[in-house]
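We name chains A, B, ... by the order of the sequence lines, and we start the count at 1 in each one.
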There are 2 protein chains.
Amino acid sequence: MDLLQRITENLSQFSKSERKVADIATGNPESVIHTSIANMAAIADVSEPTVNRFCRRLDCKGFPDFKLKLAQSLAKGTPFLNRHVEENDSVDELTNKIFDSTLAALNIARQQLDSKPIEAAIDALLKAPKIAFFGFGASASVAHDAQNKFARFDTPSVFSDDLLMQRMWAINSKPDDVLFAISHTGRTKALCEIAEIAQQNGATVIGITTVNSPLAEFCNDVVSSNVPEDTDQYMPMASRIAHLVLIDAIIAGYTLKRGSEVREKLARIKQGLKGSRFPRH
Amino acid sequence: MDLLQRITENLSQFSKSERKVADIATGNPESVIHTSIANMAAIADVSEPTVNRFCRRLDCKGFPDFKLKLAQSLAKGTPFLNRHVEENDSVDELTNKIFDSTLAALNIARQQLDSKPIEAAIDALLKAPKIAFFGFGASASVAHDAQNKFARFDTPSVFSDDLLMQRMWAINSKPDDVLFAISHTGRTKALCEIAEIAQQNGATVIGITTVNSPLAEFCNDVVSSNVPEDTDQYMPMASRIAHLVLIDAIIAGYTLKRGSEVREKLARIKQGLKGSRFPRH
DNA sequence: AAGATTATGTAACTTTACAACATTTAAGTT
DNA sequence: AACTTAAATGTTGTAAAGTTACATAATCTT
């Protein structure tokens with residue numbers, strides 16, 4: 001876990017002098033990583049061994065090791081999840097903030113990942129006669145992306161953001177057919193209806209959505225991203241990226257389980273696409 | 001810039017012995033950061049001062065400073081870029097690898113970011129009478145996503161992955177109209193044609209693509225993600241995520257420059273969408 | 001308040017990194 | 001090809017940094 005964070009969280013287990021050291025470390029980590037233990041001890045007004053003991057208490061081998069880990073903690077940067085764009089930001093600042101918060105959101109999603117639903121999704125896909133990817137609004141493009149990838153396999157797949165088309169597919173669905181219902185909030189009424197209809201016809205409904213949402217009720221399997229809700233200020237940003245990556249993982253697993261023969265086909269498809277492109281010089 | 005990357009890029013400026021040191025540093029950075037200069041010299045089979053000189057050549061104050069920067073470089077996580085999924089990976093491993101490599105790719109894109117083209121894109125959008133988002137294959141869903149976001153503003157915008165529709169728009173385009181041409185490789189022939197037609201009609205063509213690609217030739221502004229080409233094994237994965245985030249940044253900047261009145265409208269739109277959803281309990 | 005326990009500092013010791021100088025190797029030059 | 005010059009690499013010695021072991025001071029128990 002992050003060292004700087006660990007220092008602030010475990011302040012209680014430090015002694016009086018050690019806390020002085022902790023204050024210096026958290027207050028000015030940038031300069032601490034370039035300082036000697038003697039200097040550090042002088043600034044904190046404690047003895048050198050105290051600084052050393054402080055490091056050990058944090059599971060570091062010694063002061064140099066502490067500096068190393070502190071440097072890494074700094075490099076990783078604070079989880080910039082809540083760095084919202086502000087009025088007077090320059091384009092450069094703003095771009096970095098957008099990247100930062102996306103990275104932070106993905107990181108959180110990664111850490112809270114549960115692979116079981118993903119595994120279940122892969123198993124369902126392996127025996128699916130046909131597959132559909134449905135979503136509305138921002139989730140429509142996620143569904144679009146997913147279908148684009150599945151178009152490379154031999155199992156028939158469709159994408160739609162059209163309410164009636166979706167409904168028709170759902171009514172025509174048969175057991176083992178797989179429907180991906182994509183929605184960040186899981187509260188889109190129309191999609192819940194579609195999921196319900198599909199499920200009534202025996203299809204396997206996989207929700208790329210939030211657990212405990214209305215949509216989750218109608219899903220046989222819920223793949224959740226756990227991206228904090230307040231990430232997306234005016235429109236979906238980080239949440240849909242997490243959805244895309246989750247689908248990437250499902251596809252990677254599906255590709256793997258389909259065996260080497262399918263992977264060769266994929267390589268051939270990639271090769272075949274080159275005809276539509278200018279060759280590299 | 002990233003130290004590990006700088007070592008591999010500047011291999012030429014190192015002497016023979018220094019290159020031995022570079023090999024050890026890049027080959028096993030994890031253990032190097034916990035080693036003394038004496039040990040490092042022994043492993044590389046050179047003298048200690050050679051190691052020291054190697055560090056200085058990389059603008060480090062000395063060996064400890066080098067270790068510090070190396071540790072930071074590791075913490076940023078660049079090395080996970082090439083973590084390809086393998087045959088016997090469990091679903092859990094594989095999912096983590098997909099997340100890791102996506103994060104790594106985004107990180108690189110972030111570090112090598114040039115905000116000037118983004119700024120230019122925002123300026124072009126601000127005076128655009130109408131906007132189009134075109135792309136094929138995986139980039140079609142990126143274009144789809146971008147249009148979905150722009151639908152919230154008052155400027156007319158379209159998305160298409162249909163060759164003829166795109167061509168019609170391009171022919172009908174007028175000065176100041178903005179066309180987003182999205183393609184990772186920048187080698188899709190059809191898209192190059194469209195871009196050329198649009199440009200001939202005076203439209204501003206913004207490429208979300210690779211610099212120096214054929215497509216870039218027909219663009220007034222190229223927003224590039226700099227994601228390494230070999231990231232995507234069978235189908236686009238990391239590259240398109242970077243494109244999405246770049247577009248997010250453009251939209252964020254556009255939203256900001258449009259002023260508070262537009263932001264209020266966005267908030268109202270978000271509010272208005274709630275009618276299509278189940279309320280939160 | 002005496003003894004036990006914990007916290008902190010002092011001093012000696014070890015390791016580490018670096019500078020100055022020496023030697024080797026490579027590259028020009030006549 | 002032999003000599004000259006410059007660059008690269010290594011050797012030795014030293015100052016600084018970090019750590020250990022021990023001593024002293026502060027704090028807590030009963």
Side-chain angles (χ1 to χ4, degrees), chain A residues 3 6-74, chain B residues 3 6-74:
Chain A
L3 185 65
R6 229 169 63 220
I7 296 174
T8 42
E9 277 176 13
N10 301 8
L11 267 181
S12 57
Q13 64 169 269
F14 294 128
S15 71
K16 213 194 314 173
S17 314
E18 282 171 348
R19 207 163 307 176
K20 286 196 223 167
V21 182
D23 286 346
I24 305 291
T26 53
N28 211 345
E30 277 292 351
S31 67
V32 165
I33 60 173
H34 296 115
T35 308
S36 70
I37 191 170
N39 206 295
M40 178 86 178
I43 294 170
D45 194 30
V46 297
S47 69
E48 296 180 26
T50 299
V51 177
N52 193 280
R53 281 186 284 260
F54 166 80
C55 300
R56 296 251 163 96
R57 205 175 294 279
L58 290 159
D59 299 314
C60 296
K61 257 197 97 187
F63 185 68
D65 189 43
F66 168 77
K67 285 204 292 185
L68 225 64
K69 294 201 168 124
L70 188 62
Q72 294 196 311
S73 170
L74 282 176
Chain B
L3 186 66
R6 232 169 62 219
I7 296 175
T8 41
E9 278 175 14
N10 301 7
L11 265 182
S12 56
Q13 64 168 269
F14 293 128
S15 71
K16 213 193 315 170
S17 311
E18 282 172 348
R19 206 162 309 174
K20 285 197 224 168
V21 182
D23 286 345
I24 305 291
T26 53
N28 211 345
E30 277 292 353
S31 65
V32 165
I33 60 173
H34 295 115
T35 306
S36 70
I37 191 171
N39 207 296
M40 178 85 178
I43 293 170
D45 194 31
V46 296
S47 69
E48 296 179 27
T50 300
V51 177
N52 193 281
R53 281 186 283 260
F54 166 81
C55 300
R56 296 248 163 96
R57 206 175 291 279
L58 290 159
D59 299 314
C60 296
K61 257 197 97 187
F63 185 68
D65 188 42
F66 168 77
K67 287 203 292 186
L68 223 64
K69 291 196 172 133
L70 187 63
Q72 294 196 312
S73 170
L74 281 175

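Regarding B:F14, its CZ atom lies at a distance of 13 Å from the P atom of D:dA8, rounded to whole Å. Taking atom CZ of B:R53 as the reference point, atom C1' of D:dA7 lies 11 Å away to the nearest angstrom. Note: CZ (B:R56) to P (D:dT9) measures 16 Å, nearest angstrom.
Rounding to the nearest 0.5 Å places NZ of A:K67 at 12.5 Å from SG of A:C60.
Counting heavy atoms from C-beta on, the side chains of B:F66 and B:L3 come closer than 4.5 Å. A:K69 is not listed as a side-chain neighbour of A:L58, based on a closest heavy-atom distance of 4.5 Å or more. Side-chain contact check for B:V21 versus B:F14: every heavy-atom pair is 4.5 Å or farther apart. Two residues are said to be in side-chain contact when any heavy atoms from C-beta on lie closer than 4.5 Å; A:D45 and A:K20 meet this criterion.
First and last contacts of DNA chain C with chain A, using any nucleotide atom under 4.0 Å from a protein heavy atom and ordered 5' to 3', fall at C:dA7 to C:dT10.
Salt-bridge annotation for A:R19 and A:D23: absent, with no side-chain N of the basic residue lying under 4.0 Å from a carboxylate O of the acidic one.
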Output a table of nitrogen or oxygen pairs between the protein and nucleotides 16-18 of chain D separated by less than 3.5 Å.
residue : atom : partner : partner atom : Å
D:dG18  : OP2  : A:I37   : N            : 2.4

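At least one donor-acceptor pair closer than 3.5 Å links the side chain of B:R56 to the backbone N or O of B:K61. A donor-acceptor pair under 3.5 Å is absent between the side-chain atoms of A:E48 and the main chain of A:A41, judged by distance alone.
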